[in-house]
Amino acid sequence: MSETSLSYVSKQVLIPTEREKLFDQYKDLIETDHTLNRTLVSFQANKKEPFYRWFKYKEGFSKKLINYFIEKYHPSKGHILDPFAGSGATLFAAREKGWQSTGIELLPIGVFNVQARLAAEKVSLEEFKNEVSSFWNSFYKTSTTDSFIQHISITRGAFPEENEKNLNRYLICCKNIKNNSIRVLMEFAAFSVLEEISYTRKDGQYLRWDSRANRSNGNAEFNKGEIFDFILIVKEKIEEIIEDLSPNQNFDLFAPEETNIVMTDPKILKGSSLEILPNMSSNTFDFVMTSPPYCNRYDYTRTYALELIFLHNNDDDVKKLRQAMLTCTVENREKLNYLENLYKKLNRASDLDFINSIYFSHPAMSEINDVLSKLNELGKLNNSNIPRMVKNYFYEMVFVIFELHRLLKKDGIVVMVNDNVRYGGEEIPVDLILSDFAKIIGFKIKKIWTLPTGKGNSSQQMGTHGRSELRKCVYIWEK
Ligand SMILES: C[S@@+](CC[C@H](N)C(=O)[O-])C[C@H]1O[C@@H](n2cnc3c(N)ncnc32)[C@H](O)[C@@H]1O
């Protein structure tokens with residue numbers, strides 16, 4: 001939307017005063033942390049790190065980021081929670097410091113990642129190497145037409161025929177590996193190369209299809225470059241794993257940071273935080289380090305569709321996972337009734353009332369909901385479900401924040417990474433709204449750290465109504 005149409009809408013609809021008021025209230029807490037460059041915050045910093053480089057979970061935290069915030073806000077060890085654990089980066093980084101760690105993750109992708117890492121710790125390198133060489137002997141002797149990979153509508157045709165045949169053959173041979181940890185690791189090697197051997201690329205919000213797949217999706221011609229041969233690339237992946245598991249003078253993959261630290265296995269709970277958090281005991285955790293899905297339409301179930309079918313999810317499973325995600329896509333339907341029933345079943349109707357009262361009486365939230373529905377009526381949004389997505393994203397986040405507050409011990413800390421978003425020209429200050437919810441719930445808002453943008457500081461940017469760069473933030477809340 002152009003600046004002209006934005007002011008047109010603002011004049012016709014609502015002047016966004018509530019968001020400005022909120023900004024005034026928090027502006028002194030918003031500060032740029034120059035150590036937080038994009039590389040430190042995201043997976044980029046892990047690209048060459050042992051283990052992290054095996055499977056590229058692009059939404060993952062870097063290990064350095066987790067260490068940075070633990071050291072800054074809670075150097076003494078305790079019990080850490082990540083309710084949106086993804087690849088489990090928080091859990092593993094924290095336990096190397098001697099923390100007890102618990103994660104919740106909805107998608108089986110992250111859960112498998114955690115299991116593979118734990119399996120890697122259990123294998124003996126010699127046994128693994130021996131198994132690998134006998135594996136390839138049996139692989140070349142196996143000819144099978146069985147299909148291990150069962151496609152769903154959004155993945156059909158994703159692999160060149162030869163790659164799919166060899167992938168199936170490989171996975172069938174994996175079934176004969178007796179040692180459970182070695183089998184998991186061998187399967188994980190194949191899991192980690194699915195993108196490279198396919199016609200697809202995880203690209204921003206989408207799974208892009210190469211035009212060689214003959215799967216027209218209305219986009220411009222796209223060529224992803226080399227599509228790797230499955231056998232060659234999985235062998236490379238196995239070599240990488242062996243290299244990382246080999247004794248090396250620079251690092252020990254699974255060693256604690258200091259020799260006197262006792263490491264305990266992280267606990268990963270598979271399912272939705274919206275359902276698991278309310279069932280956990282109060283005052284359990286010392287620290288929460290997390291990054292929920294952003295309110296940005298990113299659909300993990302589509303981007304990671306190949307990995308989901310690898311892990312035996314059928315069409316129905318994938319649709320269910322998509323709906324169970326914290327609302328972050330235009331396809332997510334409302335969970336209001338579901339949450340009401342859940343809280344009533346747990347005899348927590350008064351908590352439900354409190355949560356509802358926070359959400360439904362929040363002036364800036366109501367302003368955003370009003371502006372977006374008006375923009376929708378005017379046809380100014382590029383998808384008519386955006387207002388529903390935004391409304392439900394924040395609604396569900398109140399539940400999450402409420403539960404985090406209940407689960408933390410006194411003085412416990414939340415570190416949350418999230419980005420602001422903009423729809424139809426309207427900025428949605430996710431950082432301010434979530435922090436304000438947190439404050440009403442009882443947290444002290446210690447800081448809203450922003451990533452450096454290179455374009456002046458955030459308060460200067462917010463001063464005008466023009467298009468400012470959206471803040472990418474790390475919020476620090478204390479119980
Ligand atoms: C931004 S990513 C977090 C990545 C993580 N920090 C890491 O280092 O890998 C958000 C994660 O939340 C998960 N997720 C989405 N909805 C969820 C829900 N309702 N309950 C639990 N996890 C969910 C997604 O599958 C995704 O892995």
Side-chain angles (χ1 to χ4, degrees), residues 40-47 49 51-70 80-94 101-114 116-117 202 205 266 268-280 288-305 307-308 311 313 317-318 320-329 331-333 335 338-339 342 389 392-393 395-401 403-404 414-419 421 430 472-474:
L40 176 76
V41 173
S42 70
F43 166 79
Q44 296 300 314
N46 287 336
K47 258 187 175 162
E49 288 262 347
F51 183 79
Y52 294 90
R53 64 182 183 147
W54 300 355
F55 174 66
K56 296 180 177 57
Y57 197 62
K58 294 189 181 104
E59 296 70 32
F61 281 154
S62 81
K63 187 174 157 182
K64 285 188 184 139
L65 179 83
I66 301 152
N67 286 339
Y68 176 74
F69 280 109
I70 292 181
I80 198 167
L81 169 72
D82 185 347
F84 300 98
S87 57
T90 297
L91 315 182
F92 285 100
S101 56
T102 300
I104 305 171
E105 173 55 45
L106 177 73
L107 295 185
I109 298 147
V111 178
F112 186 47
N113 202 64
V114 171
R117 178 158 173 157
K202 295 177 178 46
Q205 288 178 324
I268 180 96
L269 306 168
K270 188 174 165 187
S272 170
S273 276
L274 292 171
E275 188 159 330
I276 295 176
L277 292 174
N279 281 293
M280 293 171 115
V288 171
M289 167 105 205
T290 197
S291 169
Y294 298 172
C295 186
N296 64 0
R297 302 183 60 178
Y298 183 92
D299 187 345
Y300 292 84
T301 61
R302 290 185 186 278
T303 311
Y304 286 95
E307 289 76 10
L308 285 173
L311 296 170
N313 291 275
D317 299 327
V318 174
K320 283 193 182 127
L321 287 170
R322 188 171 301 140
Q323 286 306 328
M325 273 194 302
L326 184 100
T327 290
C328 59
T329 79
E331 287 172 81
N332 280 115
R333 287 188 295 271
K335 298 187 186 64
Y338 159 81
L339 287 164
L342 178 71
M389 175 189 72
N392 290 325
Y393 179 81
Y395 184 61
E396 292 162 29
M397 281 303 290
V398 191
F399 283 83
V400 172
I401 299 168
E403 293 301 338
L404 295 184
V414 174
V415 175
M416 185 178 284
V417 178
N418 205 332
D419 284 2
V421 291
V430 181
K472 299 171 186 301
C473 305
V474 184

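Just so you know, ligand 1 is whichever comes first in the structure, and atom 1 is the first atom listed for that ligand. Along the sequence shown, the residues carry numbers beginning at 1.
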- prompt: Between Tyr304 and Tyr57, is the gap from one ring center to the other below 6.0 Å?
  reply: yes

Nitrogen or oxygen of Leu326 less than 3.5 angstrom from that of ligand 1: yes

message: Can you name the atoms of ligand 1, numbered from 1 with element, that are less than 4.0 Å from a heavy atom of Pro292?
response: 1 (C)

field: Part of Cys328 with heavy atoms under 4.0 Å of ligand 1, whether side chain, backbone, both or neither
entry: neither

query: When you measure from the side chain of Ser291 to the backbone N and O of Val417, does any donor-acceptor pair fall under 3.5 Å?
result: yes

- request: Kindly say whether Cys473 contributes a backbone atom to a donor-acceptor pair with the side chain of Asn418 at under 3.5 angstrom?
  value: no

statement: If you scan protein heavy atoms around atom 27 (O) of ligand 1, the nearest is Tyr57 OH, 2.5 Å

task: Taking all heavy atoms of Asn332 and all of Met325, pick out the closest pair and write down the distance.
output: ND2-O, 3.7 Å

- prompt: Does Ala85 have a heavy atom less than 4.0 Å from any atom of ligand 1?
  reply: yes

message: I need the contact type for Tyr294 against ligand 1. Using non-hydrogen atoms and a strict under-4.0 Å cut-off, is it side chain, backbone, both or neither?
response: neither

- request: Below 4.0 angstrom from a heavy atom of Ser87, which ligand 1 atoms are there? Numbered from 1 as shown, please.
  value: 7 (C), 8 (O), 9 (O)

task: For atom 19 (N) of ligand 1, find the nearest protein heavy atom and state the residue, atom name and distance (0.1 Å precision).
output: Ser272 OG, 3.0 Å

- prompt: What are the atoms of ligand 1, with element, lying closer than 4.0 Å to any heavy atom of Gly271?
  reply: 20 (N), 21 (C)

task: Measure the shortest side-chain to side-chain distance between Arg322 and Arg302 over non-hydrogen atoms and say whether it is less than 4.5 angstrom.
output: yes

Any donor-acceptor N or O pair under 3.5 Å, side chains Asp82, Thr90: yes

Distance-only N or O hit between ligand 1 and Ser273, under 3.5 Å: yes

- prompt: Tell me: protein heavy atom nearest atom 7 (C) of ligand 1, and distance?
  reply: Gly60 CA, 3.3 Å

- line: All heavy atoms of Thr303 vs all of Tyr298, minimum pair found to be CG2-OH, 3.3 Å

- request: Could you tell me whether Phe84 approaches ligand 1 through its side chain, its backbone, both or neither, with non-hydrogen atoms closer than 4.0 Å?
  value: both

- line: Ranked by distance from atom 2 (S) of ligand 1, the top protein heavy atom is Tyr300 OH, 3.3 Å

task: Show the numbers, then the answer: is there a side chain to side chain donor-acceptor pair (under 3.5 Å) between Glu59 and Tyr300?
output: CA-CA 10 Å; Glu59 296 70 32; Tyr300 292 84; 5.6 Å; no

query: Can you name the closest pair of heavy atoms from Val114 and Ser87 and give their distance?
result: CG2-O, 3.8 Å

task: Can you pull out the closest protein heavy atom to atom 8 (O) of ligand 1? Residue, atom name and distance to 0.1 Å, please.
output: Phe61 N, 2.7 Å

field: Shortest protein heavy-atom distance from atom 22 (N) of ligand 1, along with the residue and atom involved
entry: Leu106 N, 3.3 Å

Enumerated ligand 1 atoms positioned under 4.0 Å from heavy atoms of Pro83: 21 (C), 22 (N)

- prompt: Would one find an N or O of Glu105, backbone or side chain, under 3.5 Å from an N or O of ligand 1?
  reply: yes

message: Tell me the protein heavy atom at minimum distance from atom 15 (C) of ligand 1, and give that distance in Å.
response: Pro293 CG, 3.4 Å

- request: Considering heavy atoms of the protein only, find what lies nearest to atom 4 (C) of ligand 1 and give residue, atom and distance to 0.1 Å.
  value: Glu59 O, 3.4 Å

Ser273 (side chain) donor-acceptor with Pro83 (main chain) under 3.5 angstrom: yes

query: With a cut-off of 4.0 Å, which atoms of ligand 1 are near a heavy atom of Ala324?
result: 19 (N)

query: Are any of the heavy atoms in Ser291 under 4.0 Å away from ligand 1?
result: yes

message: Quick one: does any side-chain atom of Asn279 pair with a main-chain N or O of Ile276 as donor and acceptor, under 3.5 Å?
response: no

- request: Determine, step by step, whether Glu105 and Leu91 satisfy the side-chain contact (heavy atoms from CB on, under 4.5 Å) criterion, reporting the C-alpha distance in whole Å, the side-chain angles of both residues, the deciding distance to 0.1 Å, and the verdict.
  value: CA-CA 12 Å; Glu105 173 55 45; Leu91 315 182; over 6 Å; no

- prompt: Minimum heavy-atom separation for Leu326 to Met397, with atom names?
  reply: CD2-SD, 3.8 Å

- prompt: Near Ala89, which atoms of ligand 1 are under 4.0 Å from a heavy atom of that residue?
  reply: 8 (O)

